[in-house]
Amino acid sequence: MTIHAYRTHTCAALGASNVGEAIRLSGWVHRKRDHGGVLFVDLRDHYGITQIVADSDSSALAVLEGLRLESVITIDGEVKARGQGTVNPNLPTGAIEVFAREIKVLSRAEELPMPVAGEQEYPEDIRLRYRFLDLRRETLHANIVKRTRIISDMRRRMEGAGFTEYSTPILTASSPEGARDFLVPSRIHPGKFYALPQAPQQYKQLLMVAGFDRYFQIAPCFRDEDPRADRLPGEFYQLDLEMSFVTQEEVWDTMEPVMAGVFESFADGKPVTPAGQFRRIPHAQSMLDYGSDKPDLRNPLLIRDVSAHFTSSGFGLFEKIVGGGGVVRAIPAPGTAEKSRKFFDDMNEWARAEGHAGLGYVTRKGGEFGGPIAKNHGEEGMIALYDALGLGPNDGCFFAAGKEGQAAKLAGHARTRVAEQLDLIDKDRFDLCWIVDFPFYEWDEDAKKVEFSHNPFSMPQGGMEALCNQDPLTINAYQYDLVCNGFEIASGSIRNENPETMVKAFEITGLTQADVEDRFGGLYRAFQYGAPPHGGMAAGVDRVVMLLCGAQNLREITLFPMNQKAEDLLMGAPSVAENKQLRELHVRVIEPPKTRTA
RNA sequence: GCGGGUGUAGCUCAGUUGGUUAGAGUAUCGGCCUGUCACGCCGAGGGUCGCGGGUUCAAGUCCCGUCACUCGCGCCA
């Protein structure tokens, strides 16, 4: 009989039914408990943990005593039932242990820079430098497995919905709109560069023109922008999809079961908005009610415009703001009668620290109003205001005032913060909604001109007629985002596949037909030869995984992330190129000027 | 590019109002221990208090600069 060189079972496989068998296990020394004459080892592999025991009858005892944690060993031994009182109910294999007859050390571990067992926090740079150790740890290891399963589930559901996965190029052309590109110098064409795709946007539209009808891809995307906790530096993945001959409603109806299904499968029983019940909130409504285009619907607070209450008010500041075309937005703070003055003042301090002029407030306790706004606005006015807001005798209220855009944004942030402070958000839920009817254009204050507010390839609502006859800043697009718990998890649109409309849309931002042909030549040309109406969206895979893993940070769900300065501390990227490589690429490095001469 | 937070032993942290030789847990090394499962007990080694400068009789502690990590703003069609 031949026996496998390394193992007959995994470290999660053995149970009471195996008692008496001679087996072989391989894995890492997770923990060691040395009692002198008897020694226990928790042997770990990808699948689980099995307790190994050795005593003075075993040749393995001396070897194990001298072995550091995280060394890799093979154990030959025999499965034994654990005695009464020594069963470990916390371990799936806790009914048995393996008595070691022989041990083979496959790989000795040096002293560890960070322990693997346990879930303490460690400095980010050490975790990244020793990522192979970090990835052995339970939570991160499980997150990565979950990530892969989620992506696999997405593929299965997309194929089930009639989509086919196609790969698109990684070396492509720089896209003049959008984020900063990663460039790759061409050896064959001196002075020319490829760019890594920020998204397969133009390729997927070309696939529609080529008649493939329903495309999807788990697509790597590259953008050279500074990171955030929910935005990795450099590269990330999108569930990218596109459909021909569809209206936006069909995109939503198609994707709701996919997205709701993925969430339900991995939400560990937490409620998820069911497919068919995603609210479709117009962008303007969202800005008014939530002060954000990615509202957290778990937050029960609603913002209200109360400008009309301050057109003539004893509170001069608000009267002046409203008189000058500004707005006042109210953020309810229910049940705050017993909150200290510090609670309200701290909110104001916070708003100032965020760069706003401040956040006004009214307190109310047993029907009695308090605070400077209430005092100046007068009790009669306050009662009218509270009636309009539906607030009670023990509810406070915050006020964000100023130019509409700024006031809405501040109100949105305040809404989130108030709800957090008052613990009003149900954390064990996934609330999904569409934000629809995004404005097509916006006013660029720096450049003093009209700019695309999101995707220039989107179809403006009203088409050519709207572009010709309507104030551009009032035109909406067939453009939508999918939002979950305050995170934008997908964005999409019906595309503009008509060349004349496309040129007109760009003209309004100051570009000519020649510019369009020059910058988007491939796509523009494709639209001359029979292009189907089409649309789609792209979901941020990393963000979805982060939400489903309950992680606060994308590094917790990514195998080999870069740090905040876009460096890979394990592989040492980016690195200096050799002169020979640079010569071949016709590239010369210019050292940045020294910033300081001390 | 800008702003906030953090930085003390390999790791997690404590260190009072500026005052003696900077401590604990864990890890490492040595010793003891036959039923643990975060095993336990005894002992030892281990420190450029991120780095540089300044104030002071005296700095881990106060000030300035700088670096690393991080969160946010700008940026992200």
Side-chain angles (χ1 to χ4, degrees), chain A residues 30-43 49-58 61 65-66 68-70 80 82-91 93-94 97 99 109-130 133-134 175-181 198-199 201-202 221-234 236 350 353-356 409 413 438 440-442 444 446 451-458 477 479 488 491 493 505-506 509 511 519-520 538 540 552-553 555 563-565 567 569 595-596 598:
Chain A
H30 186 64
R31 279 202 171 97
K32 233 169 51 166
R33 294 174 292 278
D34 187 352
H35 292 244
V38 62
L39 178 150
F40 302 95
V41 166
D42 290 338
L43 191 68
I49 285 175
T50 299
Q51 175 164 285
I52 309 294
V53 60
D55 63 20
S56 42
D57 294 338
S58 168
L61 181 67
E65 274 179 333
R68 287 197 194 90
L69 298 185
E70 294 306 313
K80 291 190 168 180
R82 294 209 200 178
Q84 214 170 12
T86 64
V87 168
N88 184 349
N90 299 321
L91 205 60
T93 60
E97 61 193 2
F99 184 83
E110 293 293 324
E111 190 177 341
L112 298 167
M114 52 178 275
V116 169
E119 287 293 322
Q120 260 187 322
E121 287 188 42
Y122 305 106
E124 204 64 36
D125 47 344
I126 290 175
R127 294 185 58 188
L128 293 176
R129 194 178 300 278
Y130 296 93
L133 290 179
D134 201 22
S175 54
E177 308 285 325
R180 205 174 289 118
D181 284 315
Q198 296 185 20
Q201 178 68 33
Q202 294 188 62
C221 304
F222 305 89
R223 294 177 194 174
D224 189 5
E225 296 293 343
D226 290 338
R228 294 287 181 272
D230 63 350
R231 200 170 76 203
L232 285 174
F236 61 98
W350 159 82
E354 294 277 299
H356 298 279
K409 198 175 167 191
H413 287 152
F438 273 72
F440 191 48
Y441 293 113
E442 64 189 12
D444 184 334
D446 293 336
E451 252 316 333
F452 290 109
S453 54
H454 290 87
N455 188 333
F457 303 113
S458 300
Q479 158 117 32
E488 176 198 318
S491 187
S493 66
F506 276 95
T509 71
L511 294 179
R519 298 183 186 196
F520 310 105
Q552 302 298 312
N553 188 303
R555 290 184 300 276
N563 69 9
Q564 199 174 38
K565 281 186 167 172
E567 296 168 308
L569 296 177
T595 45
R596 198 165 285 101

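Each chain gets a letter, A, B and so on, in the order the sequences are listed, and its residues count up from 1. If you're wondering where the values come from, they're calculated on a predicted model, not measured in any experiment.
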query: Of all residues at least two apart in sequence or in a different chain, which pass the side chain to side chain donor-acceptor pair (under 3.5 Å) check with A:E488?
result: none
- line: Hits for side chain to side chain donor-acceptor pair (under 3.5 Å) against A:R31, two or more places apart or cross-chain, chain-then-number order -> none
message: Between C1' on B:U6 and CD on A:E121, what's the gap in Å once rounded to a whole number?
response: 12 Å
- prompt: So, does the side chain of A:R231 form a donor-acceptor pair with the base of B:C76 at under 3.5 Å?
  reply: yes
Going by atom type alone, with no hydrogens or angles, which donor-acceptor pairs under 3.5 Å involve a side-chain atom of residues 224-231 of chain A and a protein atom two or more places apart or on another chain?
from, atom 1, to, atom 2, distance (Å)
A:E225, OE2, A:R180, N, 2.8
A:R231, NE, A:D226, O, 3.3
A:R231, NH2, A:D226, O, 2.4

Partner residues of A:F520 under the ring pair (Phe, Tyr, Trp, His ring centres under 6.0 Å) criterion, sequence neighbours left out: A:F457, A:F506
- prompt: With A:E567, which residues qualify under side chain to side chain donor-acceptor pair (under 3.5 Å), at least two apart?
  reply: A:N563
- request: Would you kindly give the CD-to-P distance between A:E65 and B:C33, to the nearest whole Å?
  value: 10 Å
message: By the 4.0 Å heavy-atom rule, please label A:P456 as base, sugar-phosphate, or nothing.
response: base
statement: Taken in chain and number order and not counting sequence neighbours, the residues that satisfy ring pair (Phe, Tyr, Trp, His ring centres under 6.0 Å) with A:F222 are none
- prompt: Looking only at N and O atoms, is any donor in the side chain of A:R127 or the base of B:C69 less than 3.5 Å from an acceptor on the other one?
  reply: no
query: What is the distance, rounded to the nearest whole Å, between atom CZ of A:R180 and atom P of B:C76?
result: 8 Å
field: Side-chain touch A:E97/A:I52, heavy atoms, less than 4.5 angstrom
entry: no
- prompt: Within the structure shown, what part of the strands sits under 4.0 Å from A:R68 by heavy-atom distance: base, sugar-phosphate, or nothing?
  reply: sugar-phosphate
task: Kindly write out the residues that satisfy salt bridge (Lys or Arg N to Asp or Glu O under 4.0 Å) with A:R519, not counting sequence neighbours, or none if the list is empty.
output: A:E177
Tell me which donor-acceptor pairs under 3.5 Å the side chains of residues 110-122 of chain A have, and how far apart each pair is, sequence neighbours excluded?
from, atom 1, to, atom 2, distance (Å)
A:E119, OE1, A:T139, OG1, 2.9
A:E119, OE2, A:E138, N, 3.4
A:E119, OE2, A:T139, N, 3.3

- prompt: Which heavy atom of A:L61 sits nearest a heavy atom of A:D55, and at what distance?
  reply: CB-O, 3.6 Å
- request: Quick one: list whatever passes side chain to side chain contact (heavy atoms under 4.5 Å, CB included) with A:S493, sequence neighbours left out.
  value: A:N455, A:S458, A:Q479, A:R495
For nucleotides 70-73 of chain B, give me every protein contact, N/O to N/O, under 3.5 Å, one pair per line with atom names.
from, atom 1, to, atom 2, distance (Å)
B:U70, OP1, A:Q564, N, 3.4
B:U70, OP2, A:Q564, N, 3.1
B:U70, O3', A:R555, NH2, 3.3
B:C71, OP1, A:N553, ND2, 2.7
B:C71, OP1, A:R555, NH2, 3.2
B:C71, OP2, A:Q564, NE2, 3.4
B:G72, OP2, A:A229, N, 2.8
B:C73, OP2, A:R228, NE, 2.8

- prompt: For every nucleotide of nucleotides 34-41 of chain B, 5' to 3': is a protein heavy atom under 4.0 Å from its base (B), only from its sugar-phosphate (S), or from neither (-)?
  reply: BBBBSB--
query: So what stems show up for RNA chain B if we need 3 or more Watson-Crick or G-U pairs in a row, all under 3.5 Å?
result: B:1-7 with B:67-73, B:10-13 with B:23-26, B:28-32 with B:40-44, B:50-54 with B:62-66
- request: Please work out if A:Q201 contacts a base, only the sugar-phosphate, or nothing of the nucleic acid, heavy-atom cut-off 4.0 Å.
  value: base
